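Notes follow the structure.
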Amino acid sequence: PIRPVSHPSMQLLALLLLLVGGESTRLPPNDHSHVHEKFLRTVEEARANRTHLHGGRGLLIDRAKTCSARYENHKLNVQTTISDPTVKYYCEKTRLNRPCVCTNKEIVLSFFDRGTLKQSCCPVGNKACSGCAHYSAGKCQQCLGGYYKIGSQCLRCRNEPTFVDKDGNSCATFEENGWCTNGIVSSGKNDLVYHRYQYLSAGEACCACGGGIYKGTPFYYREHRFSENALISGSYSAEPVPNGASKYIVDNSCELSNFGLQVDGATGAISGTPNHEAPFDISCGITSRIERPSKSSEVLNPQFIDFNTSITVKVKKFGFIASDDPNNEIVSSLMWDEFVANRNYRLVFASGIDTRGMTVQVSCSPRSFVTVNRLNQIVLTSNTRPTYRSSYENFPGSILVSDKGGTPSGTEELMSSRCFMKATLGSKEIIEDNINLFLYPPVNDDGFQYYPVNELRVTVGQPLVTNLKLGYEEDGSIEPIPGITGVRLDCRSTTRHGVKQNVETGEIMILGLPIFKVGLDGTLSGSPHVGLRSFMPSVIGRSSFQIQCDVYAQMASAQIGQVAFMKAKAKLMVQVDSDVCWVDAFGYKTSDNWTPTRSGVLSTTARSTIQCKKACVDSRSCAGYSFHPTGNRCDKLAVSLPPTTFIRRKSSVALVTGATARIKIANCQVHQTCVQLIVAGQKYLSGVYCPILKDAVVTPAPVYVKK
């Protein structure tokens with residue numbers, strides 16, 4: 001019988017049902033659009049659709065003897081999810097605890113170091129900036145996630161995901177054990193690294209060993225942030241950022257040279273003086289190229305590693321220069337936030353245009369936020385001036401704008417307008433053209449985080465399915481973060497390894513093995529790599545490890561030379577479960593009396609229970625393992641019929657007292673696993689419980705029914 005939830009015993013049961021530690025009973029795939037129909041199914045219908053592992057030989061159950069301890073091992077600690085929303089900065093250039101402000105000849109590099117966002121300024125033309133996270137003392141000190149330092153440069157690289165050597169070691173193992181680091185092989189490990197197994201060696205397949213699968217480093221042109229702009233008969237220049245290639249190739253269809261602009265094939269820089277009398281736009285495709293590293297596989301990589309991008313050069317009769325820009329760069333878009341509320345934009349014109357007595361008018365849609373003063377400068381109107389709020393002092397990307405004056409309440413939408421500018425001299429119209437105007441968005445008073453919960457539970461080898469959304473909670477709905485350009489996670493795990501984020505793909509990784517992927521808007525997806533099992537502790541039941549991440553939103557910023565971040569008010573807590581569960585082999589018996597026996601040697605090199613367990617995990621034919629410390633004997637187990645109905649092989653022998661013996665349950669998942677509860681003194685609560693559907697609100701938690 002199922003008691004009301006308010007009953008104290010049922011409250012304990014609700015907690016225990018989060019645990020997973022027995023054999024899987026596979027359920028039909030969940031269809032969220034029909035969740036209510038599934039809820040109305042009878043228990044008998046749900047059972048009828050199940051198929052058991054091991055040919056329906058009954059459940060393998062994990063006996064939860066100490067309920068509180070088991071719950072603590074599997075339930076994430078909610079008390080640790082609270083996060084200080086203050087972004088802690090450190091600038092390498094100024095040695096101050098505030099964001100870096102770099103010149104137009106530098107780019108801002110950022111990385112997280114134990115809760116601090118460290119920034120540095122790297123010279124634009126320096127190849128060391130490419131793929132770099134931290135630049136100091138004239139060289140790159142640390143590569144971005146997804147990049148490896150090969151020689152003096154960080155290159156974008158991915159391990160061959162299927163590679164293992166003759167001993168079953170993956171690329172993560174080579175990196176974990178220090179056999180390879182940044183393309184350099186440790187002393188005495190050459191034979192191991194360069195020994196080919198199934199036509200491939202670690203030196204060819206693994207980034208840390210100098211091999212791997214290489215991709216071109218993404219780049220853009222320096223003025224792309226404002227849209228490329230030049231004046232007729234005025235000089236123009238733009239540089240690739242970062243500049244990490246050895247060669248740049250222009251598409252055959254590119255017409256830059258027809259308009260007086262050239263591309264330097266060695267540096268990728270574009271320069272020249274536009275020679276056309278009328279305004280024009282030119283789009284041109286440009287490819288950066290590096291040669292394949294010498295140690296990498298010719299099978300995995302082409303001879304050249306390319307990356308394609310495009311640039312659009314806009315040449316007009318006019319442009320704008322921001323009053324706070326020391327470099328006087330000409331831009332074509334107007335931008336403000338609360339820290340540059342006093343910025344004005346000075347109009348500049350192409351040579352030959354007489355500006356004496358000229359009047360300028362600007363009209364915008366859907367509504368105008370700007371006006372033109374007597375000096376022909378474009379400024380914010382008085383009723384749209386951003387309002388400073390001291391509590392957001394550490395959020396340089398934030399803005400508080402009210403079109404009613406005073407301090408705004410709530411979250412204002414991103415204010416942008418398409419404006420039309422007309423310059424006249426007497427009755428003669430000299431210039432008519434469109435311009436873009438942006439007011440960067442505000443920060444919500446309540447902060448942002450993942451909703452409806454900030455916890456995630458994933459299983460290795462299984463696609464992640466979640467309804468978590470990153471944003472603000474407002475009037476019962478989750479609103480997206482306005483002005484967000486990307487999401488960065490600063491994570492720590494309960495393993496001894498560091499967690500990195502691949503800034504190009506968004507993947508959260510341990511030693512190159514992906515756990516999940518973070519989209520530009522914070523959307524979570526992906527499938528944890530099966531190699532993550534090797535980082536999990538050895539336990540009787542299901543192995544797992546935890547990750548806790550500070551969540552940062554990278555914001556669009558109107559401030560020149562800065563990269564701005566906001567921090568979520570709560571951490572993202574992730575539990576990574578193995579897809580393999582284990583139950584004690586001693587006393588184990590299936591419903592039709594099948595029992596485990598030793599069936600031969602599993603590994604001759606295992607020297608511990610953990611190593612013996614790993615050998616069984618990696619073997620598809622292994623039904624379980626037995627490890628005895630005397631003689632370091634690691635045997636594989638088989639589940640056999642009783643002697644009365646099955647003649648056992650001579651090699652099958654009984655389990656040895658004193659050994660650690662476990663039965664392996666493959667494809668073990670939260671929503672496919674039954675659990676047995678033993679509640680002392682309350683037999684009506686004890687028994688086997690199986691999941692029938694997912695909770696419609698909290699994704700990680702299934703709904704169970706007593707079998």
Side-chain angles (χ1 to χ4, degrees), residues 102-109 121-132 135 138-140 147 150-156 214-276 279-293 302-316 319 321 325-332 350-351 504 560-561:
C102 302
T103 70
N104 67 332
K105 295 298 182 181
E106 298 172 321
I107 57 176
V108 184
L109 304 181
C121 298
C122 191
V124 170
N126 194 331
K127 285 183 168 51
C129 302
S130 180
C132 184
Y135 179 84
K139 61 182 180 180
C140 181
Y147 288 78
I150 308 299
S152 60
Q153 190 173 348
C154 297
L155 299 181
R156 189 180 175 195
Y214 288 88
K215 292 187 177 182
T217 300
F219 71 99
Y220 63 94
Y221 275 85
R222 180 65 184 181
E223 293 184 355
H224 178 72
R225 175 180 168 219
F226 300 104
S227 78
E228 296 71 19
N229 193 71
L231 297 180
I232 297 173
S233 300
S235 62
Y236 175 85
S237 65
E239 296 179 87
V241 178
N243 186 349
S246 56
K247 186 177 182 179
Y248 291 85
I249 303 169
V250 180
D251 288 355
N252 294 331
S253 59
C254 183
E255 297 182 351
L256 286 175
S257 60
N258 296 337
F259 292 84
L261 301 174
Q262 296 80 37
V263 179
D264 188 318
T267 65
I270 301 174
S271 61
T273 301
N275 56 14
H276 204 267
F280 62 87
D281 293 0
I282 299 178
S283 294
C284 184
I286 298 179
T287 300
S288 66
R289 170 167 291 181
I290 62 173
E291 290 192 13
R292 182 187 71 243
Q303 181 180 359
F304 300 108
I305 312 300
D306 295 344
F307 187 85
N308 304 316
T309 192
S310 63
I311 181 173
T312 299
V313 179
K314 299 180 180 181
V315 177
K316 297 185 176 185
I321 297 178
D325 184 1
N327 305 300
N328 290 326
E329 288 187 290
I330 299 174
V331 299
S332 57
S351 60
E504 308 297 347
I560 298 169

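Since the model is a prediction, treat every value here as computed from it, not as a measurement. No hydrogens, no waters, no symmetry mates; every other heavy atom, side chains included, goes into these values.
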Worksheet, complete the sentence: d(F307 CZ, T309 OG1) to nearest 0.5 Å is 6.0 Å
Item to complete: Calculate, to the nearest 0.5 Å, the distance between atoms OG and CD belonging to S271 and E239 respectively.
Response: 9.5 Å
Worksheet item: Does NZ in K247 sit with more than 12 non-hydrogen atoms of other residues, nucleotides or ligands closer than 6.0 Å?
Response: no
Practice prompt. Search all heavy atoms of A238 against all heavy atoms of I311 and return the closest pair with its distance.
Written response: CB-CD1, 4.4 Å
Practice prompt. Return the set of residues passing salt bridge (Lys or Arg N to Asp or Glu O under 4.0 Å) with D306 (not counting sequence neighbours), or none when no residue passes.
Written response: R289
Discussion item. If I compare all heavy atoms of C254 with all of V250, which pair ends up nearest, and what's the gap?
Written reply: CB-CG1, 3.2 Å
Practice prompt. Report the C-alpha distance between L155 and I290 in whole Å, list the side-chain angles of each, state the deciding distance to 0.1 Å, and finish with yes or no for side chain to side chain contact (heavy atoms under 4.5 Å, CB included).
Written response: CA-CA 10 Å; L155 299 181; I290 62 173; 3.8 Å; yes
Worksheet item: Donor-acceptor pair, K215 side chain versus I305 backbone, under 3.5 Å?
Response: no
Practice prompt. Quick one: list whatever passes side chain to side chain donor-acceptor pair (under 3.5 Å) with N308, sequence neighbours left out.
Written response: T287
Worksheet item: In Å and rounded to the nearest 0.5 Å, what is the CZ to OG distance from F219 to S130?
Response: 10.5 Å
Fill in: N126 side chain to A128 backbone, donor-acceptor under 3.5 Å
yes
Practice prompt. Would you give the length of the straight line joining atom CD of E106 to atom SG of C129, rounded to the nearest 0.5 angstrom?
Written response: 9.0 Å
Fill in: Residue of the set V315, I270, T273 for which side chain to side chain contact (heavy atoms under 4.5 Å, CB included) holds with Y236
I270
Item to complete: List the atom of V263, the atom of G268, and the distance in Å for their closest heavy-atom pair.
Response: CG1-O, 4.1 Å
Fill in: Y214 side chain near R156 side chain, heavy-atom distance below 4.5 Å
no
Worksheet item: Do C121 and T103 have side-chain heavy atoms sitting under 4.5 Å apart?
Response: no
Response to the item:
dist I286:CD1 -> L256:CG (nearest 0.5 Å) comes out at 6.5 Å
Fill in: Verdict with supporting geometry, C154 and C132, disulfide (SG to SG under 2.5 Å)
CA-CA 6 Å; C154 297; C132 184; 5.3 Å; no
Worksheet item: Rounded to the nearest 0.5 Å, how far does OG of S237 lie from CD of Q262?
Response: 12.5 Å
Worksheet item: Excluding sequence neighbours, so at least two apart, what forms side chain to side chain contact (heavy atoms under 4.5 Å, CB included) with E255?
Response: N258, F259
